[in-house]
A.B. asks: 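Here's a structure for you.
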There are 2 protein chains.
Amino acid sequence: MSRFVHPAKEDITLEGVLGALSDPMRLRIFSKLLGSRAGSLSCSGATPCEQMAKSTLSHHFRVLREAGLIRTTKQGVENLNSARWDDVNERFPGLLKAILKFQG
Amino acid sequence: MSRFVHPAKEDITLEGVLGALSDPMRLRIFSKLLGSRAGSLSCSGATPCEQMAKSTLSHHFRVLREAGLIRTTKQGVENLNSARWDDVNERFPGLLKAILKFQG
DNA sequence: GCAATAGTTCAGTATTATTGAAATATTGAA
DNA sequence: TTCAATATTTCAATAATACTGAACTATTGC
């Protein structure tokens with residue numbers, strides 16, 4: 001089984017967060033996770049666009065995960081992804097709000 | 001003479017700004033420009049570290065410029081670079097402040 | 001066990017970054 | 001006005017990173 005890499009809250013870096021969210025697909029994924037009523041979504045459930053290759057989608061989730069922006073757990077046959085809002089916000093107060101304000 | 005490319009204020013994109021500032025060298029350059037008493041600095045005057053190749057530095061200034069974060073004009077033998085704080089702030093109010101708050 | 005489903009990993013190609021070397025532009029002095 | 005010095009850009013090559021199809025792994029239900 002593959003184990004997901006999640007940095008500790010204090011290891012989240014500004015450049016990691018900005019780099020992860022500087023890709024419009026990843027920004028949309030993150031925004032979708034935040035907007036989800038359930039609080040978490042499968043990878044395919046959070047796809048920003050249908051025609052993206054599975055491997056590319058998987059790559060984007062990994063970048064978000066390793067930047068500390070999302071947490072992924074395996075739940076049955078799918079992954080559940082949720083935004084680490086509180087962690088990121090405690091590390092960089094106000095940053096996510098300021099960025100997401102402009103995400104359409 | 002080389003002409004610098006500066007996007008209009010309304011053409012500045014969120015992904016461009018985040019991508020440009022997701023590089024720690026560029027974030028330091030931008031921060032240095034903002035902190036400069038004169039309001040503008042030459043490329044070498046805003047170098048984030050001495051051992052960087054001139055061509056790399058030039059590349060970073062171009063990324064910042066094309067993202068709309070800085071304005072460059074040729075003044076004599078050197079370039080004068082200044083942060084486009086107002087333009088970026090009008091386009092994305094509060095964004096720069098939220099990011100730079102965490103720049104050491 | 002087998003097929004279906006959801007993602008990951010791998011390996012090749014494509015894009016982007018970094019750099020040394022050469023080129024360009026400007027200034028000031030001989 | 002020619003020449004050297006300075007500041008920066010452009011070019012071309014290499015290094016690193018991103019994207020993708022194909023193959024693989026893990027889980028569930030039949």
A.B. asks: Mapping Q75(B) and R65(A) onto DNA chain C by nearest heavy atom, which one lands closer to the 5' end?
C.D. replies: R65(A)
A.B. asks: List in chain and number order the residues that pass salt bridge (Lys or Arg N to Asp or Glu O under 4.0 Å) with D87(A), two or more places apart in sequence or in another chain; answer none if no residue qualifies.
C.D. replies: R71(A), R84(A)
A.B. asks: Mind calculating the distance between CZ (F4(B)) and P (dT24(C)) to the nearest angstrom?
C.D. replies: 16 Å
A.B. asks: With sequence neighbours excluded, what pairs up with R28(B) under the salt bridge (Lys or Arg N to Asp or Glu O under 4.0 Å) test?
C.D. replies: none
A.B. asks: To the nearest Å, give me how far apart CD1 (I29(B)) and P (dT8(D)) are.
C.D. replies: 12 Å
A.B. asks: Using side-chain contact (heavy atoms from CB on, under 4.5 Å) as the criterion, list what pairs up with S44(B), not counting sequence neighbours.
C.D. replies: S42(B), T47(B)
A.B. asks: Do S40(B) and N81(B) have side-chain heavy atoms sitting under 4.5 Å apart?
C.D. replies: no
A.B. asks: Considering every strand shown, what is the Watson-Crick or G-U wobble mate of dA30(C) when both distances are under 3.5 Å?
C.D. replies: dT1(D)
A.B. asks: Donor-acceptor pairs under 3.5 angstrom involving side-chain atoms of residues 94-104 of chain B: please list them, not counting sequence neighbours.
C.D. replies:
{"unit_1": "K101(B)", "atom_1": "NZ", "unit_2": "P93(A)", "atom_2": "O", "d": "3.3"}

A.B. asks: Can you build the contact string for nucleotides 15-20 of chain D? Use B for base contact, S for sugar-phosphate-only contact, and - for no protein heavy atom under 4.0 Å.
C.D. replies: ---SSB
A.B. asks: Quick one: side chains of residues 49-70 of chain A, donor-acceptor pairs under 3.5 Å with protein atoms, not counting sequence neighbours, listed by atom name and distance.
C.D. replies:
{"unit_1": "H60(A)", "atom_1": "ND1", "unit_2": "R26(A)", "atom_2": "NH1", "d": "3.1"}
{"unit_1": "R65(A)", "atom_1": "NH1", "unit_2": "T72(A)", "atom_2": "OG1", "d": "3.1"}

A.B. asks: Can you pull every protein N or O that's under 3.5 Å from an N or O on nucleotides 2-6 of chain C?
C.D. replies:
{"unit_1": "dA6(C)", "atom_1": "O4'", "unit_2": "V77(A)", "atom_2": "O", "d": "3.0"}

A.B. asks: Just the rounded figure in Å: distance from C1' of dT8(C) to CZ of F61(A).
C.D. replies: 13 Å
A.B. asks: Could you list all the salt bridge (charged side-chain N to carboxylate O under 4.0 Å, His left out) pairs where at least one residue sits in residues 4-14 of chain B, not counting sequence neighbours?
C.D. replies: K9(B)-E90(B)
A.B. asks: Taking only residues two or more places apart in sequence, or in another chain, which ones meet T13(A) in a side-chain contact (heavy atoms from CB on, under 4.5 Å)?
C.D. replies: E15(A)
